[in-house]
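What you are looking at is a predicted structure, and each value in this text was computed from that prediction instead of being measured.
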Amino acid sequence: MPEAGSGTAVRPGPGALPASASGAPLAEAVLSVARRDIASFHALPLSHGGSIRNSKIRDVYEALFGQAQLASEVSYSGTMLDSFFRPRGPLRAAQQLAAASFGADSTTFLSAGTSTANRVALGALVPRGGRVLADRSCHQSVHFALGDMNATTEYAPMRRCCASCPRTFADLRQLLDMFALAVAEGVPYDTVVLSAVSYDGVRYDMPALLAALAELHPGVSVLVDEAWGAVHRFHPRLQPLTALEAVRGLRASDPGLPMTVAVTHSAHKSMSALRQGSYLHLMGDGEMQESIAQALFQHHTTSPSWPVLASLDLARLQAEAEGEALLDRSLNLARTLREEIRTDPRLSAYRTLGPDGHLGDPGLLVHDDPTRVLVDIGALGITAADFRRILFDEYALYVARESGDAVVFHVHIGVDEGILLRLLDALRIVQRTYRATTEALAGDVAEHFIIAYPPGIPITVPGERLSDRTRGELDALRTSGVEIYTLRQGRPAAVSPAGGATDTAAPVDTE
């Protein structure tokens with residue numbers, strides 16, 4: 001990687017970005033070439049829509065990607081735009097701005113995702129055949145990369161949050177004990193790998209962890225996968241636990257700290273970047289920066305996506321200007337979701353798991369991510385997988401993660417007040433429709449009519465014994481496309497199959 005200060009940023013031509021985004025040199029340069037009618041004799045026949053200009057399926061392309069996307073998908077390099085592997089122009093300027101914004105010594109943009117960023121970082125940090133202590137919860141990219149490098153890898157064990165919460169994370173105390181023992185035996189680990197921000201809302205106490213590692217072996221290198229926490233840098237409540245802030249604090253007390261720390265961020269997971277946009281930040285000297293550049297050349301595609309790289313530039317600019325306000329909104333909306341579930345009787349079938357006390361033991365060295373809301377839906381009487389499908393098919397709401405009877409709502413900066421209201425309305429309807437049947441099956445003797453349609457014949461009538469066979473039959477019907485109705489005090493409640501709620505009958509009041 002070139003040293004800071006060498007080269008100058010390319011000045012954009014006509015058609016520059018609006019003034020509000022003029023601090024994004026790479027985005028500005030990509031837009032500048034996209035606005036020119038450049039005919040390429042190199043590659044990307046699709047660029048500017050050239051290969052589909054008279055195509056019968058042109059409308060489909062443009063409906064999916066838009067003319068602007070087609071124009072910005074270019075294949076220029078070197079002095080025409082910039083070199084990806086040895087940037088001297090707008091890409092280099094954008095990476096320097098990102099490094100300053102995140103507080104890193106250097107930052108590299110990648111358009112092939114954080115799986116590649118992890119591989120690049122490990123290629124630079126881990127000596128061939130080196131000793132590595134890894135967090136067992138690391139992403140698969142870490143495990144595969146270490147295997148390819150013939151590294152001697154030991155894993156810190158996992159632990160569960162608590163009996164009432166399904167989240168798991170590394171036993172960090174055990175990890176530190178393993179590290180200390182290796183140092184005491186004279187065979188310290190060369191590299192430690194940590195997954196510091198998890199999918200389901202666990203954040204590691206990076207200041208405490210890095211301080212402990214540095215005290216035991218100051219020259220260790222550390223890879224911190226913060227894939228889900230890139231935007232945390234831009235809010236005062238979230239920033240203190242981040243790895244880059246932790247290194248900054250350590251250097252303040254020991255300016256000569258030899259520890260090298262690489263941090264990977266999936267920008268598209270929490271910031272306004274295109275998918276596969278990733279940052280690789282380094283806290284290390286010029287030699288290590290060059291090692292990163294060499295590893296990038298070995299592992300990254302030689303055909304990077306300039307729109308993805310430009311989106312990393314814009315995502316950084318937005319986070320600087322608006323990140324704190326957007327995260328304020330996210331934190332407030334997540335708090336509202338928890339409060340509504342706690343206080344609204346129409347949401348009594350749901351139960352939030354954390355952040356109220358589940359990770360309150362400082363000895364665990366972990367904290368809750370307050371933008372994640374983990375919700376137990378077991379009282380609905382349907383599986384978490386069915387619940388996710390209902391929300392997606394019937395209400396156009398996507399929940400990516402399930403864990404046992406719980407699902408995770410990620411209240412990211414793209415979620416606004418209107419979206420949260422849609423979610424709350426959907427949760428209430430799902431409770432009304434599904435909990436009616438669940439409650440009807442709660443006892444040993446039926447107090448309700450339970451009717452499957454078709455054919456409209458009661459499965460149970462009041463006074464009948466509810467057997468396990470009856471409950472199994474109803475479970476099978478609910479996942480097979482049959483509508484199920486309960487009748488309580490003469491008022492019908494409709495419960496659809498796993499696809500969602502039907503509106504063919506008025507819901508029963510189950511509260």
Side-chain angles (χ1 to χ4, degrees), residues 1-19 21-53 58 61-62 65-100 106-113 116-117 120 267-268 273-280 289-290 292-317:
M1 176 146 324
E3 293 181 350
S6 62
T8 57
V10 170
R11 304 293 293 180
L17 285 172
S22 60
L26 180 60
E28 192 169 358
V30 172
L31 181 59
S32 179
V33 297
R35 284 176 168 171
R36 297 179 61 192
D37 185 15
I38 300 173
S40 172
F41 289 90
H42 171 228
L44 273 179
L46 186 60
S47 184
H48 292 275
S51 61
I52 60 168
R53 191 161 290 123
R58 174 181 174 178
Y61 271 96
E62 292 188 349
F65 306 112
Q67 294 182 354
Q69 169 73 20
L70 295 174
S72 64
E73 189 66 72
V74 298
S75 184
Y76 312 136
S77 60
T79 58
M80 307 304 171
L81 184 53
D82 205 348
S83 166
F84 176 70
F85 294 108
R86 290 293 178 182
R88 289 292 190 275
L91 174 57
R92 182 167 179 274
Q95 291 182 156
Q96 288 177 333
L97 287 171
S106 67
T107 294
T108 301
F109 289 3
L110 296 89
S111 71
T116 298
V120 169
H268 63 275
L274 294 179
R275 196 163 182 83
Q276 297 191 34
S278 181
Y279 299 115
L280 169 53
Q289 292 176 32
E290 179 59 30
I292 290 287
Q294 292 290 336
L296 183 74
F297 190 77
Q298 294 175 42
H299 297 294
H300 197 284
T301 175
T302 55
S303 300
S305 167
W306 288 104
V308 171
L309 297 175
S311 78
L312 291 169
D313 196 18
L314 287 172
R316 181 271 313 162
L317 180 63

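Side-chain contact check for Leu296 versus Leu280: every heavy-atom pair is 4.5 Å or farther apart.
Under the rule for a side-chain contact (heavy atoms from CB on, under 4.5 Å), the partners of Ser72 that lie at least two apart in sequence or sit in another chain are Val30, Ala34, Gln69, Pro307. The ring-ring contact (aromatic ring centres under 6.0 Å, His included) test applied to Phe109 returns Tyr279, not counting sequence neighbours. Not a single salt bridge (charged side-chain N to carboxylate O under 4.0 Å, His left out) links Asp82 to another residue, sequence neighbours left out. Every residue was checked against the salt bridge (charged side-chain N to carboxylate O under 4.0 Å, His left out) condition with Arg275, not counting sequence neighbours, and none meets it. Here Glu62 pairs with Arg58 under the side-chain hydrogen bond (donor to acceptor under 3.5 Å, both in side chains) rule; sequence neighbours left out. Listed by chain and residue number, His300 satisfy the ring-ring contact (aromatic ring centres under 6.0 Å, His included) test with Phe84 (two or more places apart in sequence, or in another chain). Under the rule for a ring-ring contact (aromatic ring centres under 6.0 Å, His included), the partners of Phe297 that lie at least two apart in sequence or sit in another chain are Phe85. Ser111 pairs by the side-chain hydrogen bond (donor to acceptor under 3.5 Å, both in side chains) definition with nothing, not counting sequence neighbours.
Of all the heavy atoms in Ser47 and Ala71, the pair that sits closest is OG-O, 4.4 Å. Listed here is the closest heavy atom pair of Leu312 and Ala273: CD2-CB, 4.1 Å. Of all non-hydrogen atoms in Ala99 and Thr107, the two that sit nearest each other are CA-OG1, 3.2 Å. When all heavy atoms of Leu26 and Ala94 are compared, the closest pair comes out as CB-CB, 3.7 Å.
Under the side-chain hydrogen bond (donor to acceptor under 3.5 Å, both in side chains) criterion, the residue pairs touching residues 301-316 are Asp313-Arg316, Arg316-Glu320, with sequence neighbours excluded. Sorted pairs that involve residues 43-53 and meet salt bridge (charged side-chain N to carboxylate O under 4.0 Å, His left out), not counting sequence neighbours, are lacking altogether. Contacts classified as salt bridge (charged side-chain N to carboxylate O under 4.0 Å, His left out) and involving residues 65-74 (residues at least two apart or in different chains) are not found.
Expressed to the nearest 0.5 Å, how far CD of Glu28 lies from CG of Leu314 amounts to 10.0 Å. Rounding to the nearest 0.5 angstrom, the gap separating the CG atom in Leu309 from the OG1 atom in Thr108 is 11.0 Å.
With no hydrogens or angles considered, a side-chain donor-acceptor pair links Glu290 and Gln294 at under 3.5 Å.
Looking at Ser106, Pro90, Pro87, Pro25 one by one, the single match for side chain to side chain contact (heavy atoms under 4.5 Å, CB included) with Gln95 turns out to be Pro87.
Panel note: side chain His268, backbone Gln276; a donor-acceptor pair is recorded below 3.5 Å.
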